[in-house]
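So the structure is just underneath, and the comments pick up after that.
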Amino acid sequence: MATLRIRLSLLLTYFVFAILLNSVGTVILQVIHTYQISKEAASVLEGFKDIPIAVVSFIIASYLPRLGYKMALQMALVLVTLACVLMPLIPAFWTTKLLFLTVGASFALVKVSVYASIGVVTNTKAEHASLLNFIEGGFMLGVLSGYWLFSAFMDPAAPESDGWLQVYWLLALLCAANLALLSSTSFPKLELPATQPLKQDFIAMLQLVYKPLVFVFVLSAFLYVLIEQGIGSWLPTFNNEVLKLPNQLSVQLTSIFAASLALGRILAGVVLKKISWYVLLNSCLLAMALLILLTLPLTHNIEPTADVSLFTAPLAAYLFPLIGLFMAPVYPVINSVILSTLPKPKHAAMTGLIVVFSALGGTTGSMVTGYTFANFDGQTAFYLCLLPLSLLLLSVGLFHHQSKRVVA
């Protein structure tokens, strides 16, 4: 029963952070209208969110086993609850920046703690991979829920209204409820090696990269996030400019991508109990390449239609986002494999590296895709994904080979 409560609290924490992290696009749109600021000024919110994630995880990941994963999660939830309460109480652009700064820094604590805690509450590699996929699937369900949750508090007739800020009372309540569940749940104690200076913990985290298995993993994680963020960040623009869909419909159809990622990760949690992770990932990567090659030719020479709707959009608008279904298992599975091969006290440090290199991959993917999109066209930008996809197929093969050597 205690293990079930731990798993539920991890899942719910990830769920609420998914809503907050992925609300940045919606919030940018709203603050432009509500606070009458420029797009350039509003765009800094992305940096307020992303930079603290990488910086905080890099600095404190190796320290978290000493602090305690439960304590770190509690601190993150307290900080974000307070930031959410400030949003409607003090409606200003600076509180919005403070919110995303807090959410980013807190998510660094959350991701490292959640990933490391999974190693504490699971006993086998298959169980670890399954639980990690379910939790990542819950994250994607949070992303989906966020779109609809924020839209429910918006006033289409008065775009400048600050009524949308009331959504933060509900989010603060969700954080507080999860904090109560977490505080009443006992986490197992993690047996740590002999105490050493914090500086040595930090150096030990960096030294992990020198392990062949960890190096190949870091490369695989970087390539995966590069592909995911390259597609995810530019899919609305692709729908708008290439498929000739209106802005609102372009965003709505992008939700198919998030839904596919969520479904794919939940299904992978079941499938991984039956087949090898390596077989699953190879099948998924090949399916991704096939979908790109079959779908993108359908996007040429599309003419704009005045009365296009959610049900009459071009076929490619529904097919291409399904790439998320095959993409979904890759990231949680390789994370699970690398964490399963390391001693549990090293899971926090390893997760710190995961977060840092994931952030680098995401930023690179978005920039490269955006540059190609601007200087060539949308089809070329998405065809370009086949290059890192081929490299990922190769690196996953090397990763599998190295993981077998470690087990042996």
Chi angles and distances behind the side-chain contact (heavy atoms from CB on, under 4.5 Å) call for Val78, Leu179: CA-CA 7 Å; Val78 168; Leu179 179 62; 3.6 Å; yes

Closest heavy-atom pair and its distance - [X], [Y]:
X      : Y      : value
Leu280 : Ala268 : CD2-CB, 4.3 Å
Gln166 : Pro88  : NE2-CB, 4.2 Å
Cys175 : Thr81  : CB-OG1, 3.1 Å
Pro314 : Leu245 : CD-CD2, 3.7 Å
Ala317 : Ala313 : CB-CB, 4.1 Å
Leu101 : Pro52  : CD1-CG, 3.5 Å

Taking the six-membered ring where the residue is Trp, are the ring centres of Phe139 and Tyr14 under 6.0 Å apart?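 Here the rings of Tyr14 and Phe139 have centres that are less than 6.0 Å from each other.
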
Determine, using ring centers only, whether Tyr318 and Phe311 are less than 6.0 Å apart. no

How long is the straight-line distance from [atom2] of [Y] back to [atom1] of [X], given to the nearest 0.5 Å?
X      : Y      : atom1 : atom2 : result
Lys70  : Ser113 : NZ    : OG    : 13.0 Å
Gln74  : Leu182 : CD    : CG    : 5.0 Å
Leu79  : Met75  : CG    : CE    : 6.5 Å
Phe15  : Leu20  : CZ    : CG    : 10.5 Å
Leu131 : Leu272 : CG    : CG    : 12.0 Å
Ile227 : Phe222 : CD1   : CZ    : 10.5 Å

Can you see whether Thr34 engages Asp162 through a side-chain donor-acceptor pair at a distance of less than 3.5 angstrom? no

Check the side chains of Trp277 and Ser336 for a donor-acceptor pair under 3.5 angstrom, ignoring hydrogens and angles. no

Please tabulate, for the side chains in residues 285-301, all donor-acceptor contacts under 3.5 angstrom to protein atoms that are two or more places apart in sequence or on a different chain.
from	atom 1	to	atom 2	distance (Å)
Thr295	OG1	Leu291	O	2.7
Thr299	OG1	Leu296	O	2.6
Thr299	OG1	Gln379	NE2	3.2

Determine whether [X] and [Y] make a side-chain contact, defined as any pair of heavy atoms from C-beta on separated by less than 4.5 Å.
X      : Y      : answer
Thr102 : Leu99  : no
Phe150 : Leu171 : yes
Ile118 : Leu339 : no
Phe153 : Leu149 : yes
Ile256 : Leu322 : yes
Phe320 : Ile231 : yes
Ser260 : Ile323 : no
Met327 : Phe257 : yes

Tabulate below the donor-acceptor pairs under 3.5 Å that side-chain atoms of residues 384-400 make, not counting sequence neighbours, or state none.
from	atom 1	to	atom 2	distance (Å)
Ser390	OG	Leu386	O	2.8
Ser395	OG	Ser220	OG	3.0
Ser395	OG	Leu391	O	3.4
Ser395	OG	Leu392	O	3.0

Between Ser403 and Leu213, is a side-chain contact (heavy atoms from CB on, under 4.5 Å) present by the stated rule, with each step listed? CA-CA 6 Å; Ser403 67; Leu213 176 66; 4.0 Å; yes

Can you list every pair that meets side chain to side chain donor-acceptor pair (under 3.5 Å) and has a residue in residues 82-101, with sequence neighbours left out?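 Listed by first then second residue: nothing to list.
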
Looking at Ile338, is its backbone amide N or carbonyl O close enough to the side chain of Thr341 to form a donor-acceptor pair, meaning the two atoms are under 3.5 Å apart?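 Yes, because the side chain of Thr341 sits within donor-acceptor range (under 3.5 Å) of the backbone of Ile338.
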
From the list Leu82, Asn178, Leu181, side-chain contact (heavy atoms from CB on, under 4.5 Å) with Leu77 holds only for Asn178

Yes or no on side-chain contact (heavy atoms from CB on, under 4.5 Å) for Thr380 and Tyr383, after CA distance, side-chain angles and deciding distance? CA-CA 5 Å; Thr380 303; Tyr383 271 126; 5.6 Å; no

Do the ring planes of Tyr224 and Tyr331 sit parallel (below 30°), tilted (30 to 60°) or perpendicular (above 60°)?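 Correct class here is parallel.
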
side-chain contact (heavy atoms from CB on, under 4.5 Å) evaluation trace for Leu109 with Leu73: CA-CA 7 Å; Leu109 297 175; Leu73 290 169; over 6 Å; no

